[in-house]
Amino acid sequence: MSRPVRVRFAPSPTGPLHIGGVRTALFNYLFAKKNDGVFYLRIEDTDQNRFIPGAEQYIFEALEWLGIAPSETIGKNEKFGPYRQSERKDIYKKYALQLIDSGWAYYAFDTPEALDLCRKQHEEQGKTFIYNWHNREKLDTSLLISKEETEKRIAAGEDYVIRFKTPVNERLDLHDIIRDDIHFETNLLDDKVLFKSDGMPTYHLANIVDDHLMETSHVIRGEEWLPSMPLHYLLYKAFGWEAPKFAHLPLILKPVGNGKLSKRDGDKLGFPVFPLEWKSDEVISSGYREKGFFPEAVINFLALLGWNDGTEQELFSLEELIEKFDLNRVHKSGAKFDPDKNNWFNHQYLQKQSDESLAELFKKDLLNRSTSTALTVTDVKLTRIVSLIKERANFVSEFWEMSNFFFEPPTSYDEKAAKNWKEDAPELMKLLIEVLKSIDYFTSINIENVVKKWMTENEIGMGKVMQPFRLSLVGALKGPHLFDIVELIGKDETITRLETAIVRL
């Protein structure tokens with residue numbers, strides 16, 4: 001009988017959460033939900049030297065914003081708590097000593113200086129120093145001295161580590177859900193440090209013990225952890241525990257060039273690699289939330305980095321992703337990160353929003369700009385403006401550039417467009433002003449009908465009027481339907497802008 005599905009996301013609070021980590025969290029979340037399981041979050045903070053204040057809260061806030069918060073974590077359904085490794089450190093020594101007693105581990109007293117010397121000697125011979133079966137009985141370890149002597153040295157306060165005793169001459173035939181069968185030769189593995197004399201475990205021991213005690217059924221993590229798979233498998237074997245099933249996700253690759261997408265690539269290449277903005281003493285790194293991405297869009301494009309459902313479908317709700325997600329459809333090869341495609345996803349989700357909700361977001365942007373005219377616009381008018389411009393936008397932050405002429409008159413005129421202001425334009429615009437003054441029912445459709453009738457009756461070409469008309473109102477030959485603009489800015493403002501253009505152009 002298979003175990004109930006329990007999967008985890010176990011980040012270290014060493015800085016902002018990289019988008020690759022977010023994808024790992026997402027795939028764990030989708031797998032858990034698909035299989036009626038539990039997605040929990042554990043903070044792995046045993047390396048206090050790398051701890052960054054604020055990073056832990058950042059992780060929780062990012063997952064909440066994305067809509068993939070864990071169902072168990074610090075302060076929430078703590079069935080197997082604590083969920084912060086630094087609060088579990090008293091647990092690990094018992095298991096480290098258990099491995100010593102069963103012969104699966106040993107004490108090593110080598111000083112950093114002694115190990116540096118070993119590495120240097122190997123380098124001089126063109127070799128690489130590996131601490132394993134080949135030399136562990138020649139180094140300063142408990143394998144060479146009695147139990148009494150070992151205890152005496154520990155009691156005297158000597159620094160030590162506990163190392164895993166990797167078996168000799170074994171071939172490990174392991175299975176990964178994504179990569180199928182994988183083989184490892186134990187003679188090529190090093191004896192990893194599991195525990196230090198300061199009472200803190202290393203990642204490997206703490207990770208295995210916690211995954212076992214928290215009843216983790218599947219370990220879904222990035223490809224960079226694949227080299228740790230044999231050690232983790234052997235640790236489960238050493239403890240006599242059932243190992244979880246493993247699935248190693250493909251790397252997220254740079255959009256240009258080779259290699260893994262790094263934390264530094266985003267700001268360097270002009271796009272976010274973090275879900276939320278991150279501020280440090282040295283730099284402010286941009287985030288998808290602050291760039292104006294909808295969380296649903298971020299979830300959608302992340303899900304398709306290394307996975308698809310076998311169809312051409314690109315737009316998925318979170319509910320659809322849960323329904324269709326299958327680890328067997330995760331790719332083995334790396335997934336190229338495409339910032340332009342990410343913008344396209346946000347465009348699709350922006351079009352799905354109601355005009356009213358987008359107007360609310362736009363209003364916040366206007367308040368930040370403190371544009372006096374814009375602040376007096378009614379919600380109804382703002383919603384109408386949004387309806388006219390949103391089709392061409394990827395982000396709400398682009399609305400102002402697309403619509404500023406609705407709120408304030410142009411302060412300059414596009415030079416290229418100004419070439420459409422011919423010699424007869426001033427006289428035509430004066431006649432147009434008189435036509436506009438005569439219109440009582442000032443709606444887009446009625447204004448258009450009256451103006452076009454005037455042009456037809458007087459045999460005036462469309463371009464002769466419409467291009468200078470638009471240039472006068474907008475400052476360029478851009479924007480939505482001209483008569484919608486006229487209706488929204490109103491008769492008085494339209495006439496004022498025409499009169500200004502006649503003088504300035």
Side-chain angles (χ1 to χ4, degrees), residues 354-356 358-393 396 398-414 417-418 420-421 425-458 460 462-505:
S354 71
D355 294 340
E356 290 76 12
L358 290 174
E360 280 298 314
L361 294 173
F362 189 24
K363 187 191 290 187
K364 292 177 184 175
D365 183 52
L366 293 176
L367 289 169
N368 290 333
R369 293 179 186 278
S370 299
T371 306
S372 57
T373 311
L375 298 180
T376 63
V377 175
T378 65
D379 289 349
V380 172
K381 185 174 179 179
L382 196 60
T383 301
R384 177 82 190 284
I385 291 170
V386 164
S387 73
L388 296 174
I389 63 171
K390 73 173 188 178
E391 200 173 294
R392 296 182 298 281
V396 172
E398 295 170 349
F399 283 3
W400 173 253
E401 185 63 32
M402 292 179 168
S403 68
N404 53 18
F405 48 84
F406 282 108
F407 307 103
E408 47 191 33
T411 55
S412 62
Y413 300 92
D414 180 76
N420 292 280
W421 188 272
E427 194 58 38
L428 285 170
M429 292 304 99
K430 288 176 184 177
L431 292 171
L432 176 60
I433 288 171
E434 295 308 313
V435 172
L436 294 171
K437 283 179 179 179
S438 71
I439 301 172
D440 294 324
Y441 189 51
F442 213 72
T443 64
S444 177
I445 293 173
N446 193 48
I447 302 163
E448 183 172 4
N449 289 337
V450 172
V451 171
K452 285 185 175 178
K453 183 182 177 185
W454 164 67
M455 287 190 291
T456 302
E457 289 176 347
N458 292 277
I460 303 170
M462 185 80 71
K464 279 180 171 286
V465 172
M466 300 304 279
Q467 289 185 338
F469 191 8
R470 182 179 290 276
L471 183 62
S472 301
L473 302 188
V474 176
L477 299 181
K478 66 175 187 177
H481 186 56
L482 179 59
F483 294 102
D484 287 338
I485 299 173
V486 174
E487 178 191 339
L488 282 164
I489 67 174
K491 183 190 289 190
D492 292 344
E493 179 64 19
T494 299
I495 291 170
T496 298
R497 293 189 189 187
L498 282 167
E499 290 172 341
T500 301
I502 291 169
V503 172
R504 295 179 63 184
L505 286 166

Exercise. Evaluate the side-chain contact (heavy atoms from CB on, under 4.5 Å) criterion for residues E448 and V486: first the C-alpha distance (whole Å), next the side-chain angles of each, then the deciding distance (0.1 Å), finally the verdict.
Key: CA-CA 9 Å; E448 183 172 4; V486 174; over 6 Å; no
Exercise. Carefully, step by step, assess F442 and I447 under the rule side-chain contact (heavy atoms from CB on, under 4.5 Å).
Key: CA-CA 6 Å; F442 213 72; I447 302 163; 3.6 Å; yes
Exercise. Would you check, one step at a time, whether the test side-chain contact (heavy atoms from CB on, under 4.5 Å) holds for L471 with N420?
Key: CA-CA 9 Å; L471 183 62; N420 292 280; 5.6 Å; no
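The shortest side-chain heavy-atom distance between F469 and L498 falls under the 4.5 Å cut-off. Counting only heavy atoms from C-beta outward, the side chains of R392 and P480 approach each other to under 4.5 Å. Looking at K381 and F407, their side chains never come closer than 4.5 Å, going by heavy atoms from C-beta outward. Counting heavy atoms from C-beta outward, L436 and V451 have side chains that approach closer than 4.5 Å. At least one side-chain heavy atom of L366 sits under 4.5 Å from a side-chain heavy atom of L382.
In this structure, K430 has no side chain to side chain donor-acceptor pair (under 3.5 Å) partners at least two apart in sequence or on a different chain. Taking E434 as the reference, K437 meet the salt bridge (charged side-chain N to carboxylate O under 4.0 Å, His left out) condition, with sequence neighbours excluded. A search for salt bridge (charged side-chain N to carboxylate O under 4.0 Å, His left out) contacts involving E356 returns nothing, not counting sequence neighbours. Residues meeting the side-chain contact (heavy atoms from CB on, under 4.5 Å) test with T496, sequence neighbours left out: T500. Listed by chain and number, the residues in a side-chain contact (heavy atoms from CB on, under 4.5 Å) with V450 are V435, I439, N446 (sequence neighbours excluded). Annotation: side chain to side chain donor-acceptor pair (under 3.5 Å) contacts of D355 (sequence neighbours excluded): K390. Take E398 and apply the side-chain contact (heavy atoms from CB on, under 4.5 Å) test, not counting sequence neighbours, and it matches A393, N394, F395, M402. By the salt bridge (charged side-chain N to carboxylate O under 4.0 Å, His left out) test, K491 pairs with no residue at all, sequence neighbours left out. Legend: residues meeting side-chain contact (heavy atoms from CB on, under 4.5 Å) with D484, ordered by chain and number and at least two apart, are R384, L388, S444, H481. Residues satisfying the side chain to side chain donor-acceptor pair (under 3.5 Å) criterion with N458, sequence neighbours excluded, are absent altogether. For F399, the ring pair (Phe, Tyr, Trp, His ring centres under 6.0 Å) partners at least two apart in sequence or on another chain are F362. Here E493 pairs with R497 under the salt bridge (charged side-chain N to carboxylate O under 4.0 Å, His left out) rule; sequence neighbours left out.
Between L482 and M466 the shortest heavy-atom distance is CD2-CE, 3.6 Å.
Counting heavy atoms of neighbouring residues, nucleotides and ligands inside a 6.0 Å radius, atom CD1 of I445 does not exceed 12 of them.
The backbone N or O of K364 sits less than 3.5 Å from a side-chain atom of N368, completing a donor-acceptor pair.
Considering L473, I385, V474 as possible partners of F406, the one that fulfils the side-chain contact (heavy atoms from CB on, under 4.5 Å) test is I385.
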